[in-house]
Structure formats: C-alpha cells, structure tokens
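Scroll down for the structure; my scribbles are underneath it.
Residue numbers start at 1 and run along the sequence shown. Not measured: the values here are computed from a predicted model.
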Amino acid sequence: FPNVFIPRLDTRKRCDSTRVWPVLLAGLRTRRVISHKGRDSMMILKMKKEDLAVFLDSIKESGELWGPVKKGNRVSYSKVDSLSQMDLKATRTIIPPKKFLYPPRFTMFDFDEDGYVERTGDVPKRILFGMHPCDIHGILIMDKLFLETYKDPYYAERREKTLLLGHSCIPDDKCMC
C-alpha cells in the first residue's frame, strides 16, 4: 500500500497558536521527516492495506471524516463514513483541499448597535483523507505564511482542527509534480 503521510503528527506545539493532534500509532512502522528549521513537519507511516479501514474507523472518532468521492466523472471531497465510499485512485479533486483551511467565503464576525463579536469556535474537527503529497506540501507552505509570517487566527483555528492524511499517487500528464 502507498505511504500514508500525516503532517505535523506530534504532541508538541509547532507554533504559538497551533496545537497538533496526538494519534496512537500502535503497530505501525514510522519514519520522521524533519523540516529545515528542525521541527517535525510530517510523519511517514507504512501500513498494510487491510489495516487502513480499521485505522480510519478509529481515527474518525476524533472528527468528521472527509475523503475523495467520485460523483459522475468528477471527484470531490465529501463527508464519508467508511473507506469503501472513497475513490483512492482519484488523481485530483474538483476543489483543492486548501479550501477547507482557507475558504473563499466565511463569516468573520457578527455586529449590532453594541459592537461586534468575532465568530470563532464554530469550525468542526475534520480529518481530510486521501490528499496527495503535492497538496500537503502546498498546505505546509500556507502554514508558514498564515501561522508564522502573517498570523491569521481564522486559518490557525481551521488548521488546528484539521488532521491531514494523505497517500502517495502516480502522477499523470496534468500533474505539476
């Protein structure tokens, strides 16, 4: 089975406002990939294909499980209940996974005559499964931009509540890998 990538899988804080989800890794072979700044940026796990369904069932207790689902001749991320609903051979999705972390439209605050109130805390915990290494790499770049260079509290909240799980893929003629 292809490698399963879990970015920032560690119990230590990566930066001020980002907490990372600890996950039990019993019986899995792991290898750490260290970023250029010396922090853990992702962990590579290798597991047997038959163990993947059990792993996803146990992890989905921590949040909503989203994965690539084929709808007609297109693939998009949808909320799923099990591995059998996902299309693991999908090359790309209609909307990139970064839209979960940096949506084009969302409510930042509510206001009335008395002032305004920021809207935080309404982002559900999510697990995005089936991401490709190029998408994960792009999100790590967004992390540097929105968590370190220009701290964005809305991005930080979504990133904190989202676990990214990917797998390797075979690029085709439309990939930019």
When clusters are formed by joining ILVMFWY residues with side-chain heavy atoms under 4.5 Å apart, either directly or through shared neighbours, do [X] and [Y] land in the same one?
| X | Y | answer |
| --- | --- | --- |
| Leu147 | Tyr154 | no |
| Phe109 | Phe106 | yes |
| Val69 | Ile94 | no |
| Leu164 | Val123 | no |

Closest non-hydrogen atom pair, [X] against [Y]:
| X | Y | answer |
| --- | --- | --- |
| Phe129 | Pro68 | O-CD, 3.2 Å |
| Ala90 | Val75 | CB-CG1, 3.7 Å |
| Ser78 | Lys71 | OG-NZ, 3.0 Å |
| Lys99 | Pro104 | CD-CD, 3.9 Å |
| Pro153 | Lys151 | CD-O, 3.8 Å |
| Tyr77 | Ile95 | CD1-O, 4.2 Å |

Residues Thr107, Asp122; criterion side chain to side chain contact (heavy atoms under 4.5 Å, CB included); working and verdict: CA-CA 10 Å; Thr107 304; Asp122 59 348; over 6 Å; no
Distance, nearest 0.5 Å, that separates [atom1] of [X] from [atom2] of [Y]:
| X | Y | atom1 | atom2 | result |
| --- | --- | --- | --- | --- |
| His167 | Lys89 | NE2 | NZ | 11.0 Å |
| Asp143 | Leu101 | CG | CG | 7.5 Å |
| Leu140 | Asp135 | CG | CG | 11.0 Å |
| Ile127 | Glu61 | CD1 | CD | 9.5 Å |
| Met142 | Leu145 | CE | CG | 8.0 Å |
| Leu65 | Leu128 | CG | CG | 9.0 Å |

Residues Trp66, Phe100; criterion ring-ring contact (aromatic ring centres under 6.0 Å, His included); working and verdict: CA-CA 10 Å; Trp66 291 71; Phe100 284 92; 5.1 Å; yes
Contacts of type side chain to side chain contact (heavy atoms under 4.5 Å, CB included), residue Asp57, not counting sequence neighbours: Lys60
SB check Arg119 Asp110 (cutoff 4.0 Å): yes
Distance-only side-chain donor-acceptor flag, Tyr102 / Asp152, under 3.5 Å: no
Test side chain to side chain contact (heavy atoms under 4.5 Å, CB included) applied to Thr93 and His132, step by step: CA-CA 10 Å; Thr93 56; His132 293 233; over 6 Å; no
From CA spacing to verdict: side chain to side chain contact (heavy atoms under 4.5 Å, CB included), Val80, Leu56: CA-CA 11 Å; Val80 295; Leu56 290 176; over 6 Å; no
From Arg159, Lys161, Glu160, residue fulfilling side-chain contact (heavy atoms from CB on, under 4.5 Å) relative to Glu157: Lys161
From CA spacing to verdict: side chain to side chain contact (heavy atoms under 4.5 Å, CB included), Met131, Ile139: CA-CA 11 Å; Met131 293 180 61; Ile139 287 175; 3.4 Å; yes
Phe146 six-ring centre to Arg158 NZ/CZ under 6.0 Å and within 45° of normal: no
